[in-house]
Amino acid sequence: MKDYAAELTSAQLAAVTQVDGPLIVLAGPGSGKTRVVTYRIAYLLDQGISPRQILSLTFTNKAAEEMQRRVQELTGLDSIWMGTFHRFCAQLLRRYAGLVGLRENFSIYDVADAQRVLDAVLKARQLAGTHITLGQLSQAISRVKNRLQAADGFQPRPGDPVEAIVGKVLPHYQQQLLAHNAVDFDDLLLHVVALLRENESVRDQLDQQYRYVLVDEYQDTNLAQYTIARALSMRFQNLAVTGDPDQSIYGWRGAHPDNIRDFERDFPGTRVVRLEQNYRSTPNIVKIADQLIANNVRRKPKSLFTERAPGDPVRLVRYLDQRAEAEGIAETIASGIAQHGRRPRDFAIIYRINALSRVLEFALQQRGIPYQLVNSLEFYQRKEIKDVLAYLRLLNNPRDDVALQRVFGAMTRGIGDKTWGRLAAQAFETRLGMVECLVIHGVPATIHKSAATALRAFSATYHDLQKLVHLPVAELIRQVLLQTGYWQELQQSNFSDDRDRCANLEELITAAQQFDQNFSESSGLEEFLQRAALTSDTDAWGGTNDRVSLMTLHATKGLEFPCVFAPAIEHGILPHERSDHDLNELEEERRLLFVGITRAMDWLQLSYVRRREFRGRAGMAVPSSFLLELPREEMHFVDLAGTTNAAPGTLDGEWDDETIWLDAEVHEDEYVDALDPDLTPTDLGESPPGARTSGLIMTARELSRGPEAPPTSSGEPAIDPDYFQPKMIVRHPEYGLGRVLTIHGSGRRRTATIHFFTLGRQHTFYLAHSQLRPLG
DNA sequence: ATTCGCAAAGTTTTT
DNA sequence: CTTTGCGAAT
């Protein structure tokens, strides 16, 4: 048995050795949370508890893998069930499909698949043509589902147009999914909730089977997930959750904000253990993280501390543009590897939105630095991959009409809307899936000759392939590619990107081969499809490599790296423009940066640029207001933007608010000239029709508004910056009337973001300098 | 029914 | 800059 006391602090030990009863571990970043969880599992095993009785639920696949790895390192065991809620639920549903109206071979629809169903429902219900997009609708449905508002009992909030449509559509949408023997992501949870609620014996049986349930990243679970965890812990209340409210970054996905309070309510006598000491990062990093997060109002104060030796200051770098930024980062990494004994895997570049990865990738490629994109949507989103997977899904689940639609659209010739409609009509009458119907009843008489031939050909191929579903998945994929002619078509194509497609398909086959080796059981195809649906990245299947990691801030959760770069800390990107109208969302953005900063162990660089390209257009970037909230002593400012009044690097180390914040405006005319030489003075006054600003970037034209109206505040008395408050209506001599959205900072540093009504856009001002006046 | 071409629109984060 | 959508021509 391990000497637990010797390897853990007293707080950690308390969390590890509490075997029975409900437990909450509130763990700050880097406080050894994963260590606590893995040691706790080891301890449970030492107490004679069987690995089969332990269930460890995580939020992402990545976190699950990491946990699995570390548990194996510690105990040598890999037989403990670890994975995401969604994967756990998918497996349960395979077993109990009949109890919720599914068959065990159900398909899992991704967002795009689900939207197709939604689209069909809208059209059938004559509800198409509202200004509400499919995306909004499916998001709203997702919210409703995650809040456990029952499908038929859902009451739309009065006056909410989106919810009104959700109310009309939801029952039919659900019915269609069931008819296709399919579930969307949220249904995986929802069906399990229903299963556990309606079948006490099943619930009790599972409760007994999984006597020890661990939930990681508890702050990001939604109501459905919490309900599941609780249902498995009624008789045996050995539910241990770990989390950190300051790292809650999935509110937009229905994470239940008060779940920690709920937990204590539902499980009286819960033991709460707090872990506040950080073992991961240097004091500088901890300090700026701590000070940043202190700006969140809706938060229980908590302070992080560390006893690590002081390290390098955190770097804040201003680059000229995104290319310079990417190259600068690549350069720094290269020299870190060449001169400071770093490995590529020591570095991570983390950003707010996936779109930012492109330049960075390019710069790394140029220098031959190996990198990996984590969770980029790429692989399983690619057309050719989705096409083949659709065919596989169709073989596995003949009711999957959405898959058939995709197959007809991409892998067969000669079948169009008309034929589709006629086939659908017959399928509807016979209450079968469309392929089922085709196989059983043959081609409907209403279908024209050429289309009928195409259908018969498809039908014959499908029939042949159906006999092969028990082959190893890799072999099955090969057969699908060959027999449908898809492979041949791509091979003979003259388009160069079809070459890439073939390569991607080969990669899929390789992944399938790996899968076949690891899972030689008979239900191979189903399991393979499930994995394909529930993992978003390829390297989840492969090993860990010595590469620089590129990922979004969301994807970094639970990870740590010696050296971290966080580029594009700019207004509109972080905080994201769609988040800064709402305090809750803004605070979530701040937590996101907090999570990002605290991934760094030894070395951290934040950066922003003066000029960022967006939709092909260059525009001025505005530094994020979060930068103003960071302490200065722990940081080192480096200006590489090459401004006219300061040679590159001369501002090293010294910076104040003007340096990072106002400078972009001071030099704006110079940039107008640089960006748009054809701009004539008459252009300057009005914005061209249709020119919208996202708030992300100011265009040259918008910037040019500035110098036309030099500050006229000479005669007017200054207004106390503290006078301005959110929601206040204000007037600006240049922009007109607007409403204060958010306020940041205090004193001289206090800034306000104003939404201007007539402009339909927003600007951020430094209140001590601004020409803003309260109305009246 | 398919394909090609151009125009418009839209870009958060994940299971 | 991409991707998606729509309309016309084959």
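Letters A, B, ... mirror the listed sequences (proteins, then strands); counts begin at 1. None of the values given here were measured: they were computed from a predicted structure.
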Nearest-Å distance for atom pair CG/C1', residues A:L356 and C:dT2
15 Å
State which residues pass side-chain hydrogen bond (donor to acceptor under 3.5 Å, both in side chains) with A:R230; sequence neighbours excluded, sorted by chain then number.
A:D266
Under 4.0 Å between a side-chain N or O of A:T552 and OP1 or OP2 of B:dT14?
yes
Closest to the A:K418 side chain: B:dT15, B:dT13, B:dA1?
B:dA1
Report the distance from atom CG of A:N354 to atom C1' of C:dC1, rounded to the nearest whole Å.
16 Å
Taking for A:W420 and for A:R253 the nucleotide of DNA chain B with the nearest heavy atom, the one nearer the 5' end belongs to A:W420
Before accepting this row, confirm whether a basic side-chain N of the pair A:R531/A:E527 lies closer than 4.0 Å to the acidic partner's carboxylate O.
yes
Mind calculating the distance between CD (A:E613) and P (B:dG10) to the nearest angstrom?
21 Å
Measuring from the side chain of A:Y250 (C-beta onward, heavy atoms only), which nucleotide among B:dT13, B:dT14, B:dT15 has the closest atom?
B:dT14
With sequence neighbours left out, write down each residue that passes side-chain hydrogen bond (donor to acceptor under 3.5 Å, both in side chains) with A:R578, or none if nothing qualifies.
none
Options B:dA1, B:dT15, B:dT14, nucleotide nearest the side-chain atoms of A:V111
B:dT15
DNA chain B: A:I415 or A:L592, which has the more 5' nearest nucleotide?
A:I415
Using whole Å, what does the distance between atom C1' of nucleotide B:dT15 and atom NE2 of A:H256 come to?
19 Å
Once you round it to whole Å, what is the distance between P of B:dT13 and CG of A:D220?
16 Å
Whole angstroms only, please: what is the CZ-P distance between A:F185 and B:dT13?
15 Å
Can you tell me how far P of B:dT13 sits from CG of A:L593, to the nearest Å?
17 Å
To the nearest Å, how far apart are A:Y351 OH and B:dT14 P?
9 Å
Regarding A:T419, tell me which of base, sugar-phosphate or nothing describes its non-hydrogen contacts under 4.0 Å with the strands shown.
sugar-phosphate
Taking only residues two or more places apart in sequence, or in another chain, which ones meet A:E587 in a side-chain hydrogen bond (donor to acceptor under 3.5 Å, both in side chains)?
none
Suppose we screen for salt bridge (Lys or Arg N to Asp or Glu O under 4.0 Å). Which residues come up paired with A:R406, at least two apart in sequence or across chains?
A:D387
Partners passing side-chain hydrogen bond (donor to acceptor under 3.5 Å, both in side chains) against A:Q488 (at least two apart in sequence or in another chain)
none
Kindly assign one of parallel, tilted or perpendicular to the pair A:W252 and A:H554, based on the angle between their ring planes and the thresholds 30° and 60°.
perpendicular
Could you check which residues of residues 83-92 of chain A get a heavy atom under 4.0 Å from DNA chain B? Sort them by number, please.
A:T84, A:H86
